[in-house]
Amino acid sequence: MTKRYYITTAIAYPNGRPHMGHAYEAIATDAIARFKRLDGHDVRFLTGTDEHGLKIAQAARAAGVEPRDYVNGTSQPFIDLDRQLGISFDRFIRTTDDDHKALCQELWRRIAAKGDMYLGRYEGWYSVRDEAYYDDAELVAAEDAQGQPVKLSPQGTPVEWTIEESWFFKLSAYAQPLLDLYAANPDFVAPVSRLNEMRAFVAGGLSDLSVSRTSFDWGVPVPDAPGHVMYVWLDALANYLTGAGGIDGEWWPADLHVIGKDVVRFHAVYWPAFLMSAGIALPKKVFGHGFVLNRGEKMSKSVGNVVDPGDMADRFGVDRLRWFLLREVAFGEDGSYSDEAIIERTNADLANGIGNLAQRALSMVAKNLGGVLPAPGPYDGVEALSDSITALTEAYFAAMNGLQLHRGLEAVMGMVSATNGFFAEAAPWKLAKTDTDAMARVLAVTLDATRRIVLLVQPFMPDSATALLDQLGVAAEARCFGALDTVVAAGTQLPAPTGVFPRWSEAA
RNA sequence: GGCAGCGUAGCUCAGUUGGUGAGAGCGCCGGAUUCAUAACCCGGAGGUCGGCAGUUCAAAUCUGCCCGCUGCUACCA
């Protein structure tokens, strides 16, 4: 029976254009999904957009269109970006999808049936103009026409203390169950620093959660409660169930929710509490990745450093961008990107490293052996190389299974370095003049090491890896990790080699 | 304010329970080489291990204080 693996990204809020953070999360999650597929799992990969809520309704109104039409337009760029970046999702869910809305209501009914929903009052500073509540801390001090001090919303509109009817979820009842969950399964939230934060937060006591609103209607209607729409997070989190095939979906529970560090609480506290209440299994793991910053700064229009990830991919190439983000940024930590850093990193790793390794060995086979792949055989350093490759392959799998994507690539680069070292030491270009049999063996050993390297790099750079595997004569059915030890048969005719990773020069 | 973490070569970071002269990658400089995408290979320079004071025969590694940074959280107004 094939192992199954259900992985998700957070769903994006399409009230603007996708930015680098979306691209980063999609790429990282895609790499994990591809890794699992190559590792023999039957994978379900879900991503999408979170289309309900007040802000969308406001944006639609500002644009003079219906919310539904508005999100039809704004979710499309996210889909387009995913396709451009080679994101191998199985479903792009939109919370406005009919099956999702039905599921939300079913989830609500289950929670209500458990007795965890009650009607109460939600109080706060409300701006009629904005149709929004604000925290005390968000208000700004100002003066009215009489010079009296008043508080205004961040938009400068008047606010008044307002009480509205709201359904509440008995989150307070789940503090201990959540603490038990963290204790029994310390891997539930990663990195561990996030788990510790959640534990501290929950240990401090939980208040019940307001999970419906009557002040706007762009959301999923609460069953049997006219005028109420669901709290957007309840709606949004439920997408993982919808994407699993329904409330008792075949893909549930999820193996991994990949999310940004800013929404860890929703996924590590609220979500499991909702699920426990509804009597549904919990996801296995929640991973909060860091943010990628443009030259270490948050993108902002005033700083003028807003970067369109699609433009970036066009300029550098999708695989270069994917490689950079996953190799340079420690997965789970914040990272920084810039043109210079991307060029430097990818030139070093891809052009000088993997690409050059493949090219130097392949071109010798082409020139000296008519492009016919020779058989590997003994030579000084072959065993040491083999040992090194084996150890680093293990390191790669350990890192990948532990979601240390950057460590996985570090191991791969170690393999590249070891292979280049072997090649330089054996100097097959000298053997070409003295011992062509030895030369052939050395080239074959080098190419097989290269084959292993490229196999492992597939989750990160699917297109480039495919091109390289074609050049290495690797059959389409011999590209999964189960075929790592399947050496390409000697005598295979290889195509004429062409560089896959051209060196980036400033002239370009 | 509380809790947690961090501050090590230009950059990103490793550095088990304190103990050979403090490391890796990238960048930089030099050498060698020519199969290859001026790449690869070899070597080198460069660090008060945030600061101060302690504990110890011995501290980047332990303790205290200080400075700076980050995350979570609370509160005042």
Side-chain angles (χ1 to χ4, degrees), chain A residues 135-141 149 151 189 191-207 260-266 268-269 288-293 295-296 298 324 327-338 340-369 381 395 404 406-407 409-414 416-433 436 439-440 442-443 446-447 450 464 468 471 497-508:
Chain A
D135 287 340
D136 218 31
E138 291 181 281
L139 301 182
V140 295
K151 292 185 173 183
V189 183
V192 282
S193 55
R194 300 293 161 199
L195 175 71
N196 293 336
E197 288 174 2
M198 290 308 106
R199 187 185 280 127
F201 175 73
V202 174
L206 295 173
S207 305
K261 64 180 184 181
D262 55 330
V263 292
V264 170
R265 188 201 295 179
F266 300 98
V269 178
H289 67 247
F291 296 149
V292 285
L293 308 174
R295 294 181 185 282
K298 267 191 165 172
F324 173 81
R327 158 87 159 127
E328 180 91 357
V329 181
F331 195 49
E333 313 261 322
D334 287 351
S336 176
Y337 63 89
S338 63
E340 301 84 80
I342 293 172
I343 291 167
E344 190 174 290
R345 183 91 253 166
T346 56
N347 271 350
D349 291 348
L350 304 182
N352 302 349
I354 298 171
N356 185 50
L357 173 63
Q359 186 71 6
R360 65 197 307 202
L362 284 170
S363 84
M364 280 202 72
V365 170
K367 289 177 185 169
N368 296 285
L369 301 170
Q404 296 277 287
H406 59 296
R407 299 269 181 222
L409 290 183
E410 195 174 284
V412 166
M413 288 314 297
V416 173
S417 176
T419 309
N420 262 324
F422 164 77
F423 194 84
E425 186 64 27
W429 56 92
K430 287 182 184 167
L431 294 174
K433 299 166 189 163
T436 52
M439 173 204 73
V442 166
L443 291 178
T446 302
L447 287 174
T450 306
S464 304
L468 276 168
Q471 294 196 31
T498 54
V500 172
F501 300 116
R503 185 181 175 79
W504 188 283
S505 66
E506 288 305 335

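Proteins come first, then strands; the chains are lettered A, B, ... in the order of their sequence lines, and each starts at number 1.
Per the geometry, CG belonging to A/D262 stands 15 Å off C1' belonging to B/U70, to the nearest Å. Nucleotide B/G27 holds its C1' atom 13 Å from the CG atom of A/D349, rounded to whole Å. The nearest whole Å value for the distance from the CH2 atom in A/W504 to the P atom in B/A38 is 17 Å. Distance, A/L443 CG to B/C40 P: 19 Å, rounded to whole Å. We find that CG of A/L350 is positioned 16 Å from C1' of B/A36, with the value rounded to whole Å. Look at NZ on A/K367: it is 4 Å from P on B/A36, rounded to the nearest Å. Rounded to a whole Å, the CH2 atom of A/W429 is 8 Å from the C1' atom of B/U34. Atom CZ in A/R194 sits roughly 14 Å away from atom P in B/G5 (whole-Å rounding).
Within 4.0 Å of A/N356, counting heavy atoms only, lies at least one base atom of the nucleic acid. Contact annotation for A/P502: base contact, defined as any heavy-atom pair under 4.0 Å involving a base atom. Nucleic acid contact class of A/G355 (heavy atoms, under 4.0 Å, all strands): base. No contact: A/A200 has no heavy atom under 4.0 Å from any strand. Heavy atoms of A/S193 sit nowhere under 4.0 angstrom from any nucleic acid atom.
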List, with names and distances, any nitrogen or oxygen atoms from the protein found under 3.5 Å away from nitrogen or oxygen atoms belonging to nucleotides 6-17 of chain B.
none

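Between the A/N347 side chain and the A/W504 main chain, a donor and an acceptor come within less than 3.5 Å of each other.
Donor-acceptor pairing under 3.5 Å is lacking for the side chains of A/N356 and A/R503.
In this structure, A/R360 does not reach the B/C40 phosphate: none of its side-chain N or O atoms is under 4.0 Å from OP1 or OP2. Contact annotation: A/K430 does not reach the phosphate of B/U33 (side-chain N/O to OP1 or OP2, under 4.0 Å).
For RNA chain B, the stems formed by at least three consecutive Watson-Crick or G-U pairs, with both atom-pair distances below 3.5 Å, span B:1-7 with B:67-73, B:10-13 with B:23-26, B:28-31 with B:41-44, B:50-54 with B:62-66.
Residues meeting the side-chain contact (heavy atoms from CB on, under 4.5 Å) test with A/A424, sequence neighbours left out: none.
Between B/A45 and B/G27, the two C1' atoms lie 13 Å apart (nearest whole Å).
Side chain of A/E197, nearest nucleotide from B/C35, B/C72, B/C41: B/C72.
By the 4.5 Å heavy-atom criterion applied to side chains, A/D349 and A/F501 are not counted as neighbours.
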